[in-house]
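Here's the structure, in structure tokens; my notes come after.
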Amino acid sequence: MKRIFFDTNVILDQLDITRKGHSTMVRLEQQMSETSIQPLCAWHSLSIIEYVARKAFTKEDLHQVLLGIVENFTIPQTGSAQAKDTFNYFHNDFEDALQIASAVEGEADCIITNDRSGFTKSPIPVISPEECLRQLSN
């Protein structure tokens, strides 16, 4: 794996120590720092993260969190063509279909999420953070 796409929910897990998946995401981040894997996320994930995380961070800290994401993640360019492609991936959650379209545009090797239910039409393998850790450990 060279390019891993992160769904918004797993990025939030990494940021928020109270979330169930936090320790797994911290271990995954440590594992990835020892490799040349490129993390990717969707442009619209930034607004979701800002909305959810504003309850846990000061405005200044949240600005730094978002800046860190922008500096460390590749954000695939998406526009009208990718928005139209989203309908090819739509199952039961339009936002997940947007995630898939962004991952496809970013040529991701896999998508990491905690909720696979909206990813059934993904042409890219969808795995959990735990599965990603196991694969990277091998």
Side-chain angles (χ1 to χ4, degrees):
M1 285 187 286
K2 295 290 182 195
R3 299 172 67 82
I4 299 176
F5 187 91
F6 289 80
D7 188 14
T8 309
N9 60 41
V10 293
I11 297 172
L12 287 167
D13 283 351
Q14 198 279 331
L15 297 174
D16 185 348
I17 62 171
T18 66
R19 289 176 65 111
K20 183 176 122 179
H22 177 73
S23 62
T24 300
M25 287 306 298
V26 168
R27 288 193 320 269
L28 182 55
E29 180 182 31
Q30 290 168 343
Q31 181 78 21
M32 286 181 61
S33 70
E34 300 168 8
T35 69
S36 60
I37 293 173
Q38 179 61 52
L40 296 94
C41 73
W43 165 271
H44 72 278
S45 290
L46 297 171
S47 65
I48 297 168
I49 292 165
E50 190 276 335
Y51 180 78
V52 173
R54 72 171 69 152
K55 298 169 188 133
F57 293 95
T58 66
K59 188 175 185 178
E60 294 77 21
D61 288 343
L62 184 53
H63 175 85
Q64 290 303 310
V65 165
L66 294 170
L67 185 59
I69 293 169
V70 170
E71 289 176 344
N72 292 296
F73 284 71
T74 295
I75 301 173
Q77 292 186 358
T78 53
S80 296
Q82 293 77 22
K84 290 176 187 170
D85 288 344
T86 297
F87 292 94
N88 297 322
Y89 313 128
F90 180 67
H91 174 65
N92 64 358
D93 186 327
F94 190 73
E95 193 275 328
D96 287 341
L98 289 169
Q99 295 282 339
I100 296 166
S102 184
V104 168
E105 185 64 23
E107 300 177 346
D109 296 313
C110 67
I111 298 172
I112 298 177
T113 185
N114 290 317
D115 181 13
R116 294 182 186 181
S117 64
F119 292 83
T120 59
K121 293 188 175 183
S122 175
I124 297 171
V126 180
I127 62 175
S128 70
E130 294 82 8
E131 288 173 282
C132 187
L133 265 174
R134 281 191 296 273
Q135 288 184 24
L136 292 177
S137 294
N138 293 336

Does the side chain of [X] reach to within under 4.5 Å of the side chain of [Y], using non-hydrogen atoms?
{"X": "Leu40", "Y": "Pro76", "answer": "yes"}
{"X": "Leu28", "Y": "Val10", "answer": "no"}
{"X": "Val104", "Y": "Ile124", "answer": "yes"}
{"X": "Tyr89", "Y": "Pro123", "answer": "yes"}
{"X": "Met25", "Y": "Glu29", "answer": "no"}
{"X": "Ile37", "Y": "Leu136", "answer": "yes"}
{"X": "Ile4", "Y": "Pro39", "answer": "no"}
{"X": "Leu66", "Y": "Glu50", "answer": "yes"}

Would you compute the distance between atom [atom1] of [X] and atom [atom2] of [Y] and round it to the nearest 0.5 angstrom?
{"X": "Leu62", "Y": "Lys55", "atom1": "CG", "atom2": "NZ", "value": "11.5 Å"}
{"X": "His22", "Y": "Arg27", "atom1": "NE2", "atom2": "CZ", "value": "10.5 Å"}
{"X": "Gln82", "Y": "Leu98", "atom1": "CD", "atom2": "CG", "value": "11.0 Å"}
{"X": "Ile11", "Y": "Ile49", "atom1": "CD1", "atom2": "CD1", "value": "4.0 Å"}
{"X": "Ile75", "Y": "Phe5", "atom1": "CD1", "atom2": "CZ", "value": "9.5 Å"}

Find out if a path of hydrophobic residues (ILVMFWY) with successive side-chain heavy-atom gaps under 4.5 Å connects [X] to [Y].
{"X": "Ile111", "Y": "Ile48", "result": "no"}
{"X": "Ile112", "Y": "Met1", "result": "yes"}
{"X": "Phe73", "Y": "Val52", "result": "yes"}

- Query: Can we say Glu130 and Arg134 salt-bridge, meaning some charged N sits less than 4.0 Å from an Asp/Glu carboxylate O?
  - Reply: no
- Angle class for the Phe94/Phe87 ring planes (parallel below 30°, perpendicular above 60°, tilted otherwise)? tilted
- Taking it one step at a time, do Thr74 and Gln38 satisfy side-chain hydrogen bond (donor to acceptor under 3.5 Å, both in side chains)? CA-CA 7 Å; Thr74 295; Gln38 179 61 52; 2.9 Å; yes
Tell me the closest heavy-atom pair linking [X] and [Y], and the distance in Å.
{"X": "Ile127", "Y": "Cys110", "value": "CD1-SG, 3.9 Å"}
{"X": "Ala97", "Y": "Thr86", "value": "CB-CG2, 3.3 Å"}
{"X": "Phe57", "Y": "Val65", "value": "CE2-CG2, 3.9 Å"}
{"X": "Ser102", "Y": "Cys41", "value": "OG-O, 4.2 Å"}
{"X": "Asn92", "Y": "Ser117", "value": "OD1-O, 3.5 Å"}

Does [X] reach the main-chain N or O of [Y] with its side chain, forming a donor-acceptor pair under 3.5 Å?
{"X": "Asp109", "Y": "Arg3", "value": "yes"}
{"X": "Asp16", "Y": "Leu12", "value": "no"}
{"X": "Gln135", "Y": "Cys132", "value": "no"}
{"X": "Ser47", "Y": "His44", "value": "yes"}

How about [X] and [Y]: does a side-chain donor come under 3.5 Å of a side-chain acceptor?
{"X": "Thr113", "Y": "Asp115", "value": "no"}
{"X": "Asp13", "Y": "Asn114", "value": "yes"}
{"X": "Glu60", "Y": "Gln64", "value": "no"}

- When you look at CD of Glu34, are more than 12 heavy atoms from neighbouring residues, nucleotides or ligands closer to it than 6.0 Å? yes
- Message: For the CG atom on Leu67, are there more than 12 heavy atoms of other groups (residues, nucleotides or ligands in this structure) within a distance under 6.0 Å?
- Response: yes
- Start with the C-alpha distance between Arg19 and Asn9, add both sets of side-chain angles, then the distance that settles side chain to side chain contact (heavy atoms under 4.5 Å, CB included), and finish with yes or no. CA-CA 10 Å; Arg19 289 176 65 111; Asn9 60 41; 4.0 Å; yes
- Item | side chain to side chain contact (heavy atoms under 4.5 Å, CB included) between Asp96 and Asp7, worked out | CA-CA 8 Å; Asp96 287 341; Asp7 188 14; 4.2 Å; yes
- Query: Which is it for Glu95 and Thr8 under the side chain to side chain contact (heavy atoms under 4.5 Å, CB included) test, yes or no, and what are the steps along the way?
  - Reply: CA-CA 10 Å; Glu95 193 275 328; Thr8 309; 4.0 Å; yes
- Please lay out, stage by stage, how Ser45 and Gln99 fare under the test side chain to side chain contact (heavy atoms under 4.5 Å, CB included). CA-CA 8 Å; Ser45 290; Gln99 295 282 339; 3.0 Å; yes
